[in-house]
Engineer: 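Before we start, here is the structure in question, set down as structure tokens.
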Amino acid sequence: QAQLVESGGGSVQAGGSLTLSCAISRAIYYGNACLAWFRQTPGQDREAVAAINNDGRSENYADPVQGRFTVSLANAKNTLYLQMHNLQVEDTGIYYCAAAQHFCRANWQNRYGYNYWGQGTQVTVSS
């Protein structure tokens with residue numbers, strides 16, 4: 001069964017760090033895949049944060065998180081991580097793991113290009 005399950009969300013003060021995890025079922029990462037993190041706040045569109053190919057190559061980052069967030073895969077390639085440092089209040093939101101069954105493309109930030117989504121995990125950053 002194709003499934004993505006996020007964990008690791010929580011509350012942190014501005015300047016702090018969190019690491020999110022996403023367990024990916026074999027049905028999804030078998031073959032080529034683009035694995036991504038998105039986030040959403042109430043009333044806003046879901047926005048891309050970062051993405052990586054399931055071969056561990058081709059990291060992509062949205063401008064607001066460049067230099068602060070790092071996307072990575074576990075060696076077994078069935079867990080996706082998002083290390084978040086120097087968190088800011090504007091990073092608050094529900095973070096979603098997503099997967100597309102092709103390597104990341106130039107339009108990796110387009111949420112409609114992803115076939116599978118997790119249920120989301122809340123990240124709250126306070127000032």
Side-chain angles (χ1 to χ4, degrees):
Q1 182 178 357
Q3 194 172 14
L4 301 169
V5 180
E6 302 97 334
S7 61
S11 298
V12 64
Q13 288 194 320
S17 299
L18 278 175
T19 297
L20 305 182
S21 301
C22 175
I24 307 166
S25 64
R26 290 182 177 272
I28 292 176
Y29 77 81
Y30 180 79
N32 298 338
C34 179
L35 307 172
W37 290 98
F38 283 74
R39 66 186 181 189
Q40 189 168 22
T41 53
Q44 302 294 319
D45 288 338
R46 194 169 295 189
E47 65 171 351
V49 174
I52 189 169
N53 289 339
N54 68 332
D55 63 359
R57 299 177 181 178
S58 186
E59 295 176 34
N60 302 275
Y61 297 95
D63 288 344
V65 307
Q66 183 77 43
R68 299 188 297 123
F69 290 12
T70 301
V71 62
S72 62
L73 285 169
N75 288 337
K77 296 185 179 181
N78 66 339
T79 304
L80 179 71
Y81 297 103
L82 184 68
Q83 295 176 288
M84 305 184 291
H85 299 291
N86 191 21
L87 282 160
Q88 305 300 311
V89 173
E90 52 267 32
D91 293 318
T92 294
I94 300 174
Y95 281 68
Y96 297 91
C97 178
Q101 291 186 302
H102 51 73
F103 280 158
C104 299
R105 298 169 176 168
N107 64 344
W108 68 272
Q109 297 186 73
N110 183 347
R111 64 188 179 102
Y112 296 106
Y114 294 85
N115 310 92
Y116 303 99
W117 293 87
Q119 81 288 352
T121 186
Q122 177 71 45
V123 172
T124 302
V125 184
S126 58
S127 59

Engineer: So, the side chain of Glu6 versus the backbone of Gly120: is there a donor-acceptor pair under 3.5 Å, distance only?
Structural biologist: yes
Engineer: Can you tell me how far CZ of Phe69 sits from NE2 of His85, rounded to the nearest 0.5 angstrom?
Structural biologist: 9.5 Å
Engineer: Without placing hydrogens or testing angles, list every side-chain donor-acceptor pair under 3.5 Å for residues 102-113, not counting sequence neighbours.
Structural biologist:
{"unit_1": "His102", "atom_1": "ND1", "unit_2": "Arg105", "atom_2": "NE", "d": "3.4"}
{"unit_1": "Asn110", "atom_1": "OD1", "unit_2": "Tyr112", "atom_2": "N", "d": "2.9"}

Engineer: Would you say that Cys22 contacts Ile24 through its side chain, given a criterion of any heavy-atom pair below 4.5 Å between the two side chains?
Structural biologist: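 Yes, their side chains come closer than 4.5 Å.
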Engineer: To the nearest 0.5 Å, tell me how far Ser11 OG sits from Leu87 CG.
Structural biologist: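 Those atoms lie 11.0 Å apart.
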Engineer: Are any of the side-chain heavy atoms of Tyr96 and Gln40 separated by less than 4.5 Å?
Structural biologist: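 Yes, side chains in contact.
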Engineer: Can you tell if the side chain of Asn32 reaches within under 4.5 Å of the side chain of Asn53, non-hydrogen atoms only?
Structural biologist: no
Engineer: Sub-3.5 Å donor-acceptor pair from the side chain of Gln3 to the main-chain atoms of Ser25, do we have one?
Structural biologist: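 Absent.
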Engineer: How many angstroms lie between atom OG of Ser7 and atom OH of Tyr95, to the nearest 0.5 angstrom?
Structural biologist: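 OH of Tyr95 is found 15.0 Å from OG of Ser7.
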Engineer: Is there a path from Met84 to Val12 through hydrophobic residues (I, L, V, M, F, W, Y) whose side chains come within less than 4.5 Å of each other?
Structural biologist: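 In one cluster: yes.
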Engineer: If every non-hydrogen atom of Ser72 is compared with every non-hydrogen atom of Ile52, which pair is closest and at what distance?
Structural biologist: CA-CD1, 4.2 Å
Engineer: Would the distance check show the side chain of Thr92 and the main-chain N or O of Val125 forming a donor-acceptor pair, the cut-off being under 3.5 Å?
Structural biologist: yes
Engineer: What pair of heavy atoms forms the shortest contact from Val123 to Leu18, and how long is it?
Structural biologist: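 Of all heavy-atom pairs spanning Val123 and Leu18, the closest is CG1-CD1, 3.9 Å.
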Engineer: Give the minimum heavy-atom separation between Leu73 and Gly56, together with the two atoms involved.
Structural biologist: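 Result for this residue pair: CD1-N, 3.8 Å.
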Engineer: Do you know the tightest heavy-atom contact between Gln101 and Ile28?
Structural biologist: NE2-O, 3.9 Å
Engineer: Which pairs pass ring pair (Phe, Tyr, Trp, His ring centres under 6.0 Å) with one or both residues in residues 34-65, sequence neighbours excluded?
Structural biologist: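 Matches after skipping sequence neighbours: Phe38-Tyr114, Phe38-Trp117.
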Engineer: For Gln122, look at atom CD and say whether over 12 heavy atoms of other residues, nucleotides or ligands are found less than 6.0 Å away.
Structural biologist: yes
Engineer: Hydrophobic clustering (ILVMFWY, side-chain heavy atoms < 4.5 Å, transitive) - are Val49 and Tyr116 grouped together?
Structural biologist: yes
Engineer: Which pair of non-hydrogen atoms, one from Leu35 and one from Ala99, has the smallest distance, and what is that distance?
Structural biologist: CD2-CB, 3.8 Å
Engineer: Can you run down the salt bridge (Lys or Arg N to Asp or Glu O under 4.0 Å) pairs that involve residues 19-44, sequence neighbours left out, and say none if there aren't any?
Structural biologist: Arg39-Glu47, Arg39-Asp91
Engineer: Look up atom OG1 in Thr41 and atom CZ in Arg46, then write down how far apart they are to the nearest 0.5 Å.
Structural biologist: 11.0 Å
Engineer: Among Leu80, Leu20, Leu82, which residue satisfies the side-chain contact (heavy atoms from CB on, under 4.5 Å) criterion with Cys97?
Structural biologist: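 The passing option is Leu80.
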